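Report on the structure given below.
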Amino acid sequence: MADKYNPADIEPKWQQRWEADGLYHSDIDPKRPKYYALTMLPYPSGDLHMGHWYTMAPADAQARQMRMRGYNVLFPMGFDAFGLPAENAAIKRNIHPKEWTYSNIANMRQQLRSMGAMFDWRREAISSDPEYYRWTQWLFLQLYKKGLAYRKMAAVDWCPKDNTTLAREQVVGENRVCERCGTPVIKKNLEQWFFRITNYADQLLNFDGIDWPEKIRTLQTNWIGRSEGANVIFRTEGGDEFSIFTTRPDTLWGATFVVLAPEHPLVAKVTAKNHKAAVEAYVAESTRRTDIERESTEREKTGVFTGGYAINPVNGERVPIWIADYVLMTYGTGAIMAVPAHDERDFEFARKYGLEVRPVIQPPDSEPLDGNTMKEATAHFGEMINSGPLTGTNADEGVKKTIAYLEKNKIGEGAVGYRIRDWLISRQRYWGAPIPMVYCKTCGVQPVPDDQLPVLLPDDVEWKPTGESPLKLHPSWKQTICPNCNEPAERDTDTMDTFMCSSWYFLRYLSPHYEKALFDPKEYDYWMPIDVYTGGAEHAVMHLLYVRFFWKALRDLGIVEGHEPMLKLRNQGQILSTDHQRMSKSRGNVVDPDELVRQYGADTVRAYLMFAYRWSEGGPWSDENIQGVVRWLYRVWDLFTGKEEGGRMRDKDVGRSLRRKVHQTIKRVTTDINEFEFNTIVSALMELTNAILEAKDAGAVGSPEWVEAQDVLLRLIAPVTPHIAEELWTRIGKPYSVHLQPWPEANDEAAKEDEITLVVQVNGKLRDRITVPAGISDTEAEKRALASEAVQRQLDGKKPRQVIVVKGKLVNIVV
RNA sequence: GCCGAAGUGGCGGAACUGGCAGACGCGCACGACUCAAAAUCGUGUUCCUUCGGGAGUGUGGGUUCGAUUCCCACCUUCGGCACCA
């Protein structure tokens, strides 16, 4: 009986048993409340690393605890298997991406199993399986039919290393680099597929009814970047109308010139003959520039006069039309009114090119502004001056009144601008779901009919990137017939962004092999929506935004119901390497969990990851502290397998205080696990273990309190360290399985303290601690506090001016 | 520049709504066991101290009987955005 704790023996044993028994199968059960716990699916990049364990093991513990609390828990797992990293790795090793991906999946599946998590593998979904991407393609077609997918020629972000376009969200940092490989992106004019995420901008700003971290909500809100203002219609002297967007319509009378983006469609038309050469040179120059140069705020503003003029609709003034690359075609209307007196950029530009600066807002508490002598623009609100009929309007009404004025005179209207761009989903790469569209010379763009899905990705392709889509180079793949006229036609040779695959994967878990639809409606009705989603915050404006957009689009298509797919989101922090850098294969600093599991066992690694960091924070990896957890589990083991010295308790308080600790721990663990505070759970469990050991020394063995303590401890550690819990549960003769037991209930009466430590302060400083009965009255507490020797010493004969008693906690004596 | 988060022992980190700062661990020191070491167990461990106390949660102020917690200013670190009109 007194054998050593050997995780290498017990962990595989129980994993096999659970597997054989289907212990973690999640099936519809109308009798139990459901709980869909989802954790982000991994990319099959080769090995499971510490980061995966760090997200998944605590998420598993929380899911397990919910199960013990009587919920029917779905905790599925799958692989986000399409995409660039797999393909790039395959190129480097010169093996087929498919082979590479699937062998990695086989490996990672084994690693995931070693964690002892309660994944229901029958529900595994792999996004690169035809039975999966068939539905990715089907969803694309649904969006297309709803007008939410469209094809457009645009200047798009292109990664010259990965040889593909990227979504705006996948270009990161101030150097505007590719999110995958860190290479600065360039612009290319290409015809590409986009999803109309901008249609949902306002809805995506609404987080009502979901419990998501403030941080993510802020990031998404900033990314969407809503700003209110007005569109104002200007006219060129030639009579062409164009509209400008401004957030400061109250400064309209101060517009002394207008600026078009170099790509603006009116540029050629407004350009006067004698300015043509300069304008064309400037346009050519700015197309050549990278985004980094062009969008850098450091760079001095440049521009050229077109020789054309526009009419300011509010005062009929003739203002020069310039072009400048600080005006972006992709935001607002690609044209601005320039109000140098009240906009820093316009001011800089006006001073450089000698254009008029005319103040039309007089901010309070400042000297009357003079356009000739101003040193900088002032963006403050204030009283409108020199503004025709609106002169004298005060700060808080200016914008509103100007919009009303514009609308009344039909020269503009209130408008909203967004920073977010439509989601570019075409990729010129091989390893992805083909875009199910066909191009016919006579019928144009045609969707592939549903019954021809999936459009299979061919295996026999030269997948190495050339800058062209690999599928384009395949000898026969793109040749097809038009679904409309049956004449020869060509397939779209691009594949879809992998973020598209991962925008709906949680729906496929419901019924991964269902052939009739995206999901089995019975499963959907029972399991959805997701009750809790766990994963990294680094996906804030990519995956986590796409998922919400996708769901809303699916809702509008009548495929799903409700406004949000995930009711609650919790982000873990990141585990950095020992060098405080992100773990990555290229840096060679990846910490391998397998090695630790071999050395200490999965239970120890699970508990350590929960114990060592605040889950939401993460931090640099260190295994120095792991000894604490190792020792703890050995102590737990000994508690159940060591010699039990029965006998008489030294006094009856031993039993009562043991029971108190047991019930206090139930409370703490239950609260903390549902708040995703895993480190304090392990602390509480260690404390309980220590308390039981102390009680053992005090002769508690065999008492009812002892029996209860053993029982509860095993139930409480079961979600954290499932294998040792199961082993010890069996060894003390309890019926298999501990994971089928109900979660213990805390008894408030038992958890209550009989005695409390009353803190005694004098002038807010701690002077004494006295032990008193828990239910002590305020007057009695005051009396005892004043009687304290330490207090008397402090008072030194002085009379207390005031005595504050906080019930059951402290007495503060003010002198 | 703008937005957000965080600064607590040698280290990881606790502290519910303003009420015992440093739980639980690591490490370290000393002790027990041992021929010895490891492991294990026990004791101690914020700093200073004349042993009465004093100081202490990034810095400086403020509110309060009382502040790690609330308010103001600043410093540092991290994350995000960045000519968005």
Side-chain angles (χ1 to χ4, degrees), chain A residues 172-174 176 213-223 225-227 229 244-248 251 259 294-299 301 324-328 330-339 342-346 348-349 379 417-421 537-538 540-541 573-574 580 608 611-614 616-617 619-620 622-629 631-632 634-635 638 668 671-672 675 677 679-687 689-690 693 756-769 790 793-794 800-815:
Chain A
V172 297
E174 64 183 321
R176 295 183 51 74
E214 174 87 42
K215 180 182 170 163
I216 301 292
R217 301 204 312 260
T218 308
L219 285 172
Q220 294 198 348
T221 303
N222 292 343
W223 184 258
R226 183 181 203 273
S227 37
I244 61 100
F245 176 71
T246 176
T247 53
R248 291 298 301 274
T251 65
V259 188
R294 186 166 161 183
E295 293 188 8
S296 162
T297 45
E298 305 294 309
R299 201 177 127 239
K301 291 178 185 19
D325 62 8
Y326 78 89
V327 176
L328 310 172
T330 45
Y331 184 77
T333 59
I336 61 157
M337 63 167 186
V339 184
H342 305 294
D343 181 282
E344 197 192 322
R345 297 153 300 177
D346 298 345
E348 190 193 323
F349 195 83
Y418 297 95
R419 217 187 70 90
I420 191 172
R421 311 276 200 267
E538 67 274 16
V541 296
Q574 208 164 48
H580 296 226
Y608 177 60
F611 181 62
Y613 310 84
R614 185 169 188 179
S616 57
E617 298 295 321
S622 151
D623 57 10
E624 266 179 30
N625 296 331
I626 202 167
Q627 279 311 324
V629 174
R631 285 177 196 146
W632 170 53
Y634 272 96
R635 279 205 303 276
D638 288 344
R668 281 176 65 184
T671 317
D672 289 355
E675 282 168 10
E677 299 285 358
N679 52 350
T680 47
I681 292 170
V682 180
S683 299
L685 293 172
M686 285 174 170
E687 279 183 50
T689 307
N690 294 344
L693 280 165
I756 53 158
T757 303
L758 192 69
V759 172
V760 183
Q761 297 180 331
V762 176
N763 287 336
K765 281 203 196 299
L766 177 80
R767 292 302 169 190
D768 203 1
R769 289 171 193 161
R793 197 163 48 225
Q794 286 295 321
R801 203 169 41 145
Q802 193 189 350
V803 178
I804 289 147
V805 183
V806 180
K807 203 161 190 57
K809 272 190 183 147
L810 101 174
V811 177
N812 187 14
I813 297 153
V814 189
V815 282

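Because the structure is a prediction, the values reported are computed rather than measured. Below, read A as the first sequence line, B as the second, and so on, with proteins coming before strands; counting in each chain starts at 1.
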Does B:rG13 sit syn or anti, given that only angles within 90° of 0 count as syn?
anti
When both distances are under 3.5 Å in a Watson-Crick or G-U wobble arrangement, the nucleotide paired with B:rA73 is B:rU59
Report the distance from atom NZ of A:K807 to atom P of B:rG18, rounded to the nearest whole Å.
20 Å
The side chain of A:Y613 is closest to which nucleotide in this list: B:rC16, B:rC83, B:rG13?
B:rG13
salt_bridge(A:E348, A:R345) N-O dist < 4.0 Å:
no
Reading RNA chain B from 5' onward, which residue's closest nucleotide shows up sooner: A:R631 or A:T218?
A:T218
Can you tell me if A:R668 and A:T680 form a side-chain donor-acceptor pair at under 3.5 Å?
no
With a 4.0 Å limit, can you tell me whether A:K765 has a side-chain N or O closer than that to the phosphate oxygens OP1/OP2 of B:rG54?
no
How about A:W223 and A:I420: do any of their side-chain heavy atoms sit closer than 4.5 Å?
yes
Return the 5'-most residue of the pair A:E677, A:D343 with respect to RNA chain B, ranking by each residue's nearest nucleotide.
A:E677
Syn or anti for B:rG66? Use the chi torsion, O4'-C1'-N9-C4 for purines and O4'-C1'-N1-C2 for pyrimidines, with syn inside 90° of 0.
anti
Phosphate OP1/OP2 of B:rC11 contacted by A:N625 side-chain N/O (<4.0 Å)
no
Quick one: label A:Y634 by what it contacts on the DNA or RNA (base, sugar-phosphate, nothing), any heavy atom closer than 4.0 Å.
nothing
For the residue pair A:Y608 and A:V682, establish whether any side-chain heavy-atom pair is separated by less than 4.5 Å.
no
Using a cut-off of 4.0 Å on non-hydrogen atoms, how would the nucleic acid contact of A:R635 be classed: base, sugar-phosphate, or nothing?
sugar-phosphate
If we call it a pair only when both distances are under 3.5 Å in a Watson-Crick or G-U wobble match, what pairs with B:rG52?
none
Write down the distance between CD (A:E687) and C1' (B:rA15), rounded to a whole number of angstrom.
12 Å
Would you kindly give the CD-to-P distance between A:E538 and B:rA5, to the nearest whole Å?
19 Å
Can you check side-chain contact (heavy atoms from CB on, under 4.5 Å) on A:T246 and A:M337, steps first, answer last?
CA-CA 8 Å; A:T246 176; A:M337 63 167 186; 3.5 Å; yes
Can you tell me, in whole Å, how much space there is between the C1' of B:rU68 and that of B:rG56?
11 Å
Can you name the nearest heavy-atom pair linking A:L810 to A:L758, along with the distance?
N-CD1, 3.9 Å
State yes or no: are the ring centers of A:Y418 and A:Y331 separated by less than 6.0 Å?
no
Which of the following nucleotides, B:rC84, B:rA85, B:rG54, is nearest to the side chain of A:R345?
B:rC84
Using whole Å, report how far CZ of A:R419 lies from C1' of B:rG80.
10 Å
With A:K301 as the cation and A:F349 as the aromatic partner, state whether NZ or CZ is under 6.0 Å from the six-membered ring centre and within 45° of the axis.
no
Between B:rG7 and B:rC11, how far apart are the two P atoms, rounded to whole Å?
15 Å
Of the candidate nucleotides B:rG19, B:rG53, B:rA85, which contains the atom at the shortest distance from the side chain of A:N812?
B:rG19
Using Watson-Crick or G-U wobble geometry with both distances below 3.5 Å, tell me the partner of B:rU68, or none.
none
Between C1' of B:rC81 and CD of A:Q220, the distance in whole Å
14 Å
In terms of side-chain heavy atoms of A:R793, which of B:rG19, B:rG53, B:rA21 is nearest?
B:rG53
To the nearest Å, give me how far apart CZ (A:R217) and P (B:rC3) are.
18 Å
Which one is paired to B:rC26, where only Watson-Crick or G-U wobble pairs with both distances under 3.5 angstrom count?
B:rG10
Distance in angstrom units between A:R248 CZ and B:rC83 P, rounded:
20 Å
Could you tell me whether the side chain of A:Q761 has a donor or acceptor atom within less than 3.5 Å of a complementary atom in the base of B:rG19?
yes
Taking only side-chain nitrogens and oxygens of A:S227, does any of them come within less than 4.0 Å of OP1 or OP2 of B:rA85?
yes
Does B:rA39 have a Watson-Crick or wobble mate here (both distances under 3.5 Å), and if so which one?
none
Taking B:rC83, B:rG13, B:rA15 as options, the one with an atom nearest any side-chain atom of A:T680 is B:rA15
Of B:rG80, B:rC83, B:rG13, the nucleotide closest to the side chain of A:L219 is B:rG80
Just compare B:rA85, B:rA55, B:rA14 and give me whichever is closest to any side-chain atom of A:N679.
B:rA14
P atoms of B:rU49 and B:rA55, separation to the nearest Å
15 Å
Rounded P spacing from B:rG25 to B:rC41 in Å:
11 Å
A:R668 vs B:rA15: side-chain N/O to OP1/OP2 distance below 4.0 Å:
no
Just compare B:rC26, B:rC81, B:rA23 and give me whichever is closest to any side-chain atom of A:E624.
B:rC26
What nucleic acid atoms does A:V759 come within less than 4.0 Å of, heavy atoms only: base, sugar-phosphate, or nothing?
base
Compare every heavy atom of A:L219 with every heavy atom of A:A540, then report the nearest pair and how far apart it is.
CB-CD1, 3.5 Å
Per A:R421 side chain, nearest of listed nucleotides B:rU40, B:rC84, B:rC65:
B:rC84
Does B:rG25 have OP1 or OP2 under 4.0 Å away from a side-chain N or O of A:N690?
yes
Between B:rG12, B:rG79, B:rC83, which one does the side chain of A:K215 approach most closely?
B:rG79
To the nearest Å, how far apart are A:W632 CH2 and B:rG25 C1'?
12 Å
Does B:rC81 have a Watson-Crick or wobble partner in any strand here, with both distances under 3.5 angstrom, and which is it?
B:rG1
